[in-house]
Amino acid sequence: LLQQEQDFQFLAFDSTIALELGLLILKNAQQKGIPVVISITLNTHLLFHYSMPGTSPADVEWVQRKNNVVNQFYHSSLYVSEYLKQNKKLGAETYLVGDKDFVAYGGAFPLIVKGVGVAGTITVSGLSHVEDHELVVLSLKDFFGMEKE
């Protein structure tokens, strides 16, 4: 999971790139016939959002909770979930800190800009948390022109 964060770093990121990447995630979800919510933020500014038919407001809430994890820990929400499991902090996957709700389930990936660090989030919600993460990674592989395993 940490290697994925190293592999998928942008030289720059803006609204045009967010649109291109968001539409690529949408295309991959449509090809699999799976409804998801897609969200891409830069410095907490929402650049791309699409809720496919078949999703619900709850999926949008899950996006925000997963984003809160990435913004707090600077790692993918799946990495944080696995970290909690390995360190036997089960039950800590969902928690409330101040007015922010966090859920450490896969689907939110850090938007990393080289030389800057984590600058936003790329998030999918609507499937199992591992499948949400896998859809983001598949789409990033497509975007960066990497071989799919």
Side-chain angles (χ1 to χ4, degrees), residues 1-86 92-95 100-149:
L1 294 172
L2 291 175
Q3 186 61 52
Q4 290 173 344
E5 293 176 12
Q6 292 300 310
D7 290 343
F8 304 122
Q9 295 189 14
F10 296 84
L11 296 176
F13 201 88
D14 61 16
S15 299
T16 302
I17 296 169
L19 177 62
E20 183 181 344
L21 179 57
L23 291 174
L24 182 58
I25 296 169
L26 175 60
K27 178 181 141 199
N28 286 334
Q30 288 173 328
Q31 286 176 345
K32 292 178 175 283
I34 48 177
V36 295
V37 170
I38 304 161
S39 176
I40 301 174
T41 67
L42 180 63
N43 298 319
T44 69
H45 180 67
L46 183 62
L47 299 182
F48 183 91
H49 178 92
Y50 186 73
S51 295
M52 295 175 69
T55 60
S56 73
D59 295 313
V60 176
E61 291 174 12
W62 276 86
V63 164
Q64 187 57 54
R65 292 175 181 137
K66 293 176 186 184
N67 284 349
N68 289 343
V69 169
V70 173
N71 291 327
Q72 181 73 29
F73 298 103
Y74 305 112
H75 288 290
S76 74
S77 55
L78 184 59
Y79 172 84
V80 173
S81 175
E82 292 301 314
Y83 177 87
L84 292 171
K85 285 179 193 171
Q86 289 177 9
E93 295 90 349
T94 303
Y95 52 97
K100 289 193 177 178
D101 195 6
F102 295 79
V103 63
Y105 292 127
F109 197 88
L111 191 165
I112 302 170
V113 177
K114 287 185 180 180
V116 174
V118 176
T121 57
I122 304 161
T123 309
V124 167
S125 189
L127 308 167
S128 76
H129 78 116
V130 172
E131 291 172 313
D132 284 342
H133 180 87
E134 288 172 349
L135 179 58
V136 172
V137 169
L138 168 76
S139 301
L140 286 168
K141 285 181 180 180
D142 284 349
F143 186 85
F144 284 100
M146 298 172 76
E147 292 292 321
K148 296 181 189 116
E149 297 168 2

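The analysis underlying the following values was restricted to heavy atoms, covering all of them including side chains, and did not include hydrogens, waters or symmetry mates.
Sequence neighbours left out, not one pair with a member in residues 14-26 passes salt bridge (Lys or Arg N to Asp or Glu O under 4.0 Å). Residue pairs that meet the side-chain hydrogen bond (donor to acceptor under 3.5 Å, both in side chains) test with at least one member in residues 109-122, sequence neighbours left out, are T41-T121, N67-T121.
For the pair V69 and Y105, the minimum side-chain heavy-atom distance is 4.5 Å or more.
With sequence neighbours excluded, the residues forming a side-chain hydrogen bond (donor to acceptor under 3.5 Å, both in side chains) with D7 are Q3, listed by chain and number. Applying the ring pair (Phe, Tyr, Trp, His ring centres under 6.0 Å) criterion to F10, with sequence neighbours excluded, gives F13, F143, F144. Under the salt bridge (Lys or Arg N to Asp or Glu O under 4.0 Å) criterion, E5 pairs with no residue, sequence neighbours left out. Applying the side chain to side chain contact (heavy atoms under 4.5 Å, CB included) criterion to V118, with sequence neighbours excluded, gives V70, Y74, P110, I112. In this structure, the side chain to side chain contact (heavy atoms under 4.5 Å, CB included) partners of I34, at least two apart in sequence or on a different chain, are A29, K32, L127, L135. Among residues two or more places apart in sequence or in another chain, the side-chain hydrogen bond (donor to acceptor under 3.5 Å, both in side chains) test is passed with S51 by H49. Here Q64 pairs with N68 under the side-chain hydrogen bond (donor to acceptor under 3.5 Å, both in side chains) rule; sequence neighbours left out. For Q4, the side chain to side chain contact (heavy atoms under 4.5 Å, CB included) test picks out L1, F8, F109, H133, V137, with sequence neighbours left out. Legend: residues meeting salt bridge (Lys or Arg N to Asp or Glu O under 4.0 Å) with E61, ordered by chain and number and at least two apart, are R65. Partners of S128 under the side chain to side chain contact (heavy atoms under 4.5 Å, CB included) rule, at least two apart in sequence or in another chain, are V130, E131.
Annotation: the span from I25 atom CD1 to M52 atom CE amounts to 11.5 Å, rounded to 0.5 Å. Taking NZ of K66 as the start and NE2 of H129 as the end, the distance is 8.5 Å to the nearest 0.5 Å. H45 contributes atom NE2, which lies 6.0 Å from atom OG of S15 (distance to the nearest 0.5 angstrom). Taken to the nearest 0.5 Å, the OG1 atom of T44 stands 10.0 Å off from the CG atom of L47. A distance of 10.0 Å separates CG of L42 from CD1 of I122, quoted to the nearest 0.5 Å.
Minimum interatomic distance between I40 and G22 (heavy atoms only, all atoms of both residues): CD1-N, 3.6 Å. Annotation for L46 and S39: closest pair CD1-OG, 3.5 Å, computed over non-hydrogen atoms. Closest of all the heavy-atom pairs between A104 and S81 is O-CB, 2.9 Å. Between P53 and P35, the closest heavy-atom pair is O-CB, 3.2 Å.
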Apply side-chain contact (heavy atoms from CB on, under 4.5 Å) to residues V113 and L111 and explain how you reach the verdict. CA-CA 7 Å; V113 177; L111 191 165; 3.9 Å; yes
Stepwise side-chain contact (heavy atoms from CB on, under 4.5 Å) check, L23 with F48: CA-CA 9 Å; L23 291 174; F48 183 91; 4.3 Å; yes
After noting the C-alpha distance and the side-chain angles of V103 and S77, does the key distance pass the side-chain contact (heavy atoms from CB on, under 4.5 Å) rule? CA-CA 8 Å; V103 63; S77 55; over 6 Å; no
Show your reasoning for whether side-chain contact (heavy atoms from CB on, under 4.5 Å) applies to D59 and V63. CA-CA 6 Å; D59 295 313; V63 164; 5.8 Å; no
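Using a cut-off of 4.0 Å between Lys/Arg side-chain N and Asp/Glu carboxylate O, D142 and K27 are scored as not salt-bridged.
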